[in-house]
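Counting starts at 1 for both ligands and their atoms, in listed order. Atom set for the values below is all heavy atoms of this structure, side chains included, hydrogens, waters and symmetry mates excluded.
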Amino acid sequence: MEERISVALDGPSGAGKSTIARAIARRFGFVYVDTGAIYRTVGLAAWRRGVPPRDRERVASMLPELDIALRHGTDGLQRMYLNGEDVTEQIRQPEISLYASDVSAIPAVRAFLMDMQRDMARRYDVVMDGRDIGTVVLPSAGLKVFLTAAPEVRAERRFRELREKGTGVTLEEVFRDIQYRDENDSSRSAAPLRPAEDAVILDTSALDFQASCEAVARLVEEKFGL
Ligand code: DC
């Protein structure tokens with residue numbers, strides 16, 4: 001069988017991973033896998049059941065009751081299902097971001113979601129975004145990009161995105177949320193956020209969306225001869 005293409009796109013919250021990954025997927029015909037959405041679905045399940053997201057035992061004991069699935073529509077966008085219910089929109093609530101960050105630090109949660117992520121890379125050419133794709137999930141990905149930007153820039157971008165969706169949050173709240181998640185995601189012992197040794201580090205603080213996309217697209221072209 002022909003070898004599949006895998007592009008791992010890791011980095012902190014608000015670095016522009018999902019927007020860039022979506023554009024790269026469209027341009028090269030890859031499937032975009034948003035792994036944050038999978039952790040968010042576990043976060044939503046904890047939130048709905050009143051399970052404290054840092055309580056390792058209670059979160060772990062909830063996992064066997066969860067049927068988590070992802071499906072791509074004809075528009076190429078990923079939708080998330082929790083026990084058969086489409087929760088694609090619910091998982092974007094700001095409180096679910098914090099729940100996702102907390103439950104993602106639990107090794108049992110990471111193990112529970114591993115196969116699902118690897119299976120996507122076995123079946124399709126993928127651009128997969130997350131925190132540990134290049135380091136843990138797909139350590140042999142053909143291209144690894146670590147996308148980052150200054151926290152202030154990331155907060156501003158996320159704030160604009162949320163405002164466009166009509167979410168009534170302030171810039172200060174978004175900045176605090178980003179700081180909390182940076183600290184949480186980088187300091188945990190299970191698969192912490194860090195660049196793989198062979199990752200290309202791309203700081204997009206001074207780049208707009210178009211320039212960031214072009215930079216990643218060039219890396220894809222060079223690496224895979226596309
Ligand atoms: O990318 P996101 O903001 O939707 O991710 C939500 C949370 O999930 C994030 O705070 C950290 C966690 N996450 C993770 O630990 N590993 C991944 N591969 C993706 C997300």
In terms of residue, atom name and distance, what is the protein heavy atom nearest to [atom]?
atom: atom 11 (C) of ligand 1; value: D185 OD2, 3.4 Å
atom: atom 9 (C) of ligand 1; value: R131 NH2, 3.3 Å
atom: atom 12 (C) of ligand 1; value: S104 OG, 3.5 Å
atom: atom 8 (O) of ligand 1; value: Y39 CB, 3.6 Å
atom: atom 19 (C) of ligand 1; value: T35 OG1, 3.3 Å
atom: atom 3 (O) of ligand 1; value: R181 NH1, 2.9 Å
atom: atom 16 (N) of ligand 1; value: R110 NH2, 3.0 Å

Between [X] and ligand 1, does any nitrogen or oxygen pair lie at a separation below 3.5 Å?
X: R188; value: yes
X: R40; value: yes
X: D132; value: yes
X: R158; value: no
X: D34; value: no

- Message: Can you see whether Y81 engages D67 through a side-chain donor-acceptor pair at a distance of less than 3.5 angstrom?
- Response: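 Result is no, nothing qualifies.
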- Distance-only donor-acceptor check, side chains R131 and S13, under 3.5 Å: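 Note: R131 and S13 side chains meet the donor-acceptor criterion.
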When rounded to the nearest 0.5 angstrom, what is the spacing between [atom1] in [X] and [atom2] in [Y]?
X: I68; Y: R40; atom1: CD1; atom2: CZ; answer: 13.5 Å
X: M80; Y: T41; atom1: CE; atom2: OG1; answer: 3.5 Å
X: R158; Y: L171; atom1: CZ; atom2: CG; answer: 13.0 Å

- Query: So which of G130, A100, G43 gets nearest to atom 7 (C) of ligand 1, if we judge by its closest heavy atom?
  - Reply: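 Residue with the shortest heavy-atom distance to the ligand atom: A100.
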- Query: Relative to the heavy atoms of S101, which atoms of ligand 1 are at a distance of less than 4.0 Å?
  - Reply: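 This gives 10 (O) as the contact atoms.
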- Task: Provide the number and element of each atom of ligand 1 under 4.0 Å from a heavy atom of G36.
- Result: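 Contacts of ligand 1 toward G36, numbered from 1: 1 (O), 2 (P), 4 (O), 5 (O), 19 (C), 20 (C).
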Would you say [X] and [Y] make side-chain contact, with heavy atoms under 4.5 Å?
X: V51; Y: Y99; answer: no
X: L193; Y: F146; answer: yes
X: P64; Y: F112; answer: no

- Task: State whether the side chain of K17 and the backbone N or O of G11 hold a donor-acceptor pair below 3.5 Å, judged by distance alone.
- Result: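 Yes.
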- Message: Show the nearest heavy-atom pair for residues S101 and N184, with the distance to one decimal.
- Response: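 Where S101 meets N184 most closely, the heavy atoms are OG-ND2, 3.1 Å.
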